[in-house]
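The figures here come from the full heavy-atom set of this structure, side chains too, leaving out hydrogens, waters and symmetry mates.
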Amino acid sequence: MSDQTTQRIAHFIRDTVIDDLPADVQHEAVRSFVNWVGCTMSGAQHPATQIAMQVSREFSGAPAATLLGQSRNLDVLNTAFINCLASSVYGFNDTHLATVIHPAGPVAATLLSLAERMAGRGESMSGVQFQLALTLGIEVSCQLGVALLSPPAQGELGWYMTGVTSGMGAAAAAARVLGLSHEQTCWALGIAGNQASGYRQTHGTMCTSFVPAHAARCGLHAALLAQAGFTASLNAIEGDNGYAQLFSVAPHLDVITRQLGQVWEIRAN
């Protein structure tokens, strides 16, 4: 198993700049986001979205972020959750076919909530920052999925891979925008990985959209915790009894070392 996978991913998140992204990769990021917005707007009034919103309102903090397609705001964590849930409720969200991950929702929902949080603090997230962070988050999600599932890896097929990988993708995107240090970025990945969940027996129920929504909320929360100094292992992905060993029968993490920043899985999204 590849050593220092977590730190390799952290370097990718911190060091990649927009000019490192081929033109078609940048285009795919835009397509992924436009598709996500359309899916979110269409799912805003779905019963699953409305139930989740009504329950979340009781526990919501300051209404700092916008629920797309609705006339109210919630706190940033619950807004990320609800917007992502709405985007996946009809099943027209993006799909990385090799892993059956739906990566854009958790990442895009996280970034929109984070952008509004920053604006409320007198900061800003540029369009270029958003596009780069979205691409990095999608890429981390899909590359992790390939490392866990695709031959020669042998995956645990009972897991819902969007829930397993996309919280870390959301954390990656948020970590980049927040300018987290290398160590903090590793922590964010580890905190998000500790919250990975979702199993396929519940597929076809409202949990189908709950799983990516949970990933969005967890990923954003993980990055904010790491920014504040909340720690995790620097080897959370590859370490003994860590993320990869638990979520795959035989993970193949070398694919990340070999492909990250060279082979762009967003092209297959």
Side-chain angles (χ1 to χ4, degrees), residues 1-17 20 77 99 101 103 106-107 110-111 114 129 132-150 153 155-156 159 161-198 214-263 265:
M1 185 175 295
S2 181
D3 293 333
Q4 297 187 323
T5 302
T6 311
Q7 298 197 49
R8 170 72 182 90
I9 294 174
H11 280 300
F12 172 71
I13 295 165
R14 282 178 43 79
D15 297 343
T16 304
V17 298
D20 294 332
L77 291 179
T99 59
I101 292 171
V107 179
T110 286
L111 287 173
L114 186 56
Q129 286 178 301
L132 175 60
L134 180 73
T135 307
L136 297 177
I138 290 173
E139 201 62 31
V140 167
S141 299
C142 294
Q143 293 278 1
L144 284 170
V146 170
L148 296 179
L149 283 178
S150 296
E156 288 277 13
W159 289 108
M161 293 307 296
T162 304
V164 169
T165 68
S166 292
M168 298 178 85
R176 176 54 190 250
V177 171
L178 291 169
L180 299 193
S181 69
H182 175 80
E183 186 176 46
Q184 289 172 322
T185 301
C186 290
W187 294 345
L189 293 170
I191 297 165
N194 265 285
Q195 302 173 86
S197 67
H214 178 69
R217 181 168 54 190
C218 289
L220 177 53
H221 197 196
L224 294 174
L225 285 169
Q227 183 184 41
F230 200 98
T231 68
S233 168
L234 298 180
N235 306 104
I237 295 172
E238 71 277 12
D240 289 343
N241 298 314
Y243 173 88
Q245 287 186 10
L246 294 175
F247 287 110
S248 182
V249 176
H252 187 65
L253 293 180
D254 287 341
V255 71
I256 292 176
T257 303
R258 186 173 68 250
Q259 289 190 177
L260 207 55
Q262 302 298 320
V263 176
E265 291 294 334

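- Here the side chains of V263 and R258 are not in contact, with every heavy-atom distance at 4.5 Å or above.
- By the side-chain hydrogen bond (donor to acceptor under 3.5 Å, both in side chains) test, T231 pairs with no residue at all, sequence neighbours left out.
- Evaluation of the side chain to side chain contact (heavy atoms under 4.5 Å, CB included) rule for D20 yields T16, V17 as partners, not counting sequence neighbours.
- Checked by atom type and distance alone, the side chain of R14 never pairs as donor or acceptor with a backbone atom of A175 at under 3.5 Å.
- When the side chain to side chain contact (heavy atoms under 4.5 Å, CB included) test is applied to A222, the partners found at least two apart in sequence or on another chain are A171, I191, A192, Q195.
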Quick one, F12 with V140, criterion side-chain contact (heavy atoms from CB on, under 4.5 Å). Give me CA distance, side-chain angles, the key distance, then yes/no.
CA-CA 9 Å; F12 172 71; V140 167; 4.3 Å; yes
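- Minimum interatomic distance between G145 and T165 (heavy atoms only, all atoms of both residues): N-CG2, 3.9 Å.
- Taking the side-chain hydrogen bond (donor to acceptor under 3.5 Å, both in side chains) definition, one finds that T6 meets it with E238, sequence neighbours left out.
- Between F247 and A196 the shortest heavy-atom distance is CZ-CB, 3.7 Å.
- Side-chain contact check for S166 versus I101: some heavy-atom pair is nearer than 4.5 Å.
- Shown here for A174 and L220, the closest heavy-atom pair between the two residues is CB-CD1, 4.4 Å.
- Contact between P106 and T110 at its shortest, heavy atoms only, is O-OG1, 2.9 Å.
- Summarising the geometry of V107 relative to A133, their closest heavy-atom pair is CG1-O, 4.1 Å, with the distance given to 0.1 Å.
- A donor-acceptor pair is defined here as one N or O able to donate and one able to accept, closer than 3.5 Å; such a pair exists between the side chain of R176 and the backbone of I13.
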Take M168 and I237 through the test side-chain contact (heavy atoms from CB on, under 4.5 Å) and record every step on the way to the result.
CA-CA 10 Å; M168 298 178 85; I237 295 172; 3.5 Å; yes
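- Minimum heavy-atom separation, P103 to I138: CG-CG2, 3.9 Å.
- Rounded to the nearest 0.5 Å, atoms CG (N235) and CD (Q4) are 7.0 Å apart.
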Carefully, step by step, assess L148 and W159 under the rule side-chain contact (heavy atoms from CB on, under 4.5 Å).
CA-CA 11 Å; L148 296 179; W159 289 108; over 6 Å; no
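- Looking at residues two or more places apart in sequence or on another chain, you find a side chain to side chain contact (heavy atoms under 4.5 Å, CB included) between A153 and H252.
- Every side-chain hydrogen bond (donor to acceptor under 3.5 Å, both in side chains) that H182 has, sequence neighbours left out, goes to Q7.
- Checking side-chain atoms of Y243 against main-chain N and O of L189 turns up no donor-acceptor pair under 3.5 Å.
- For residues 132-146, every residue pair satisfying the side-chain hydrogen bond (donor to acceptor under 3.5 Å, both in side chains) rule, not counting sequence neighbours, is listed here: E139-Q143, Q143-Q259.
- Every residue two or more places apart in sequence or in another chain that forms a side-chain hydrogen bond (donor to acceptor under 3.5 Å, both in side chains) with T99 is listed here: H96.
- L246 contributes atom CG, which lies 9.5 Å from atom CD of E156 (distance to the nearest 0.5 angstrom).
- Note that the SG atom of C218 and the CG atom of L225 stand 10.5 Å from one another [nearest 0.5 Å].
- Interatomic distance, S248 OG to L253 CG, rounded to the nearest 0.5 Å: 8.5 Å.
- Checked against L144 for a side chain to side chain contact (heavy atoms under 4.5 Å, CB included), the options I9, T5, V164 give a single hit: I9.
- The ring-ring contact (aromatic ring centres under 6.0 Å, His included) search around H214 returns F210, not counting sequence neighbours.
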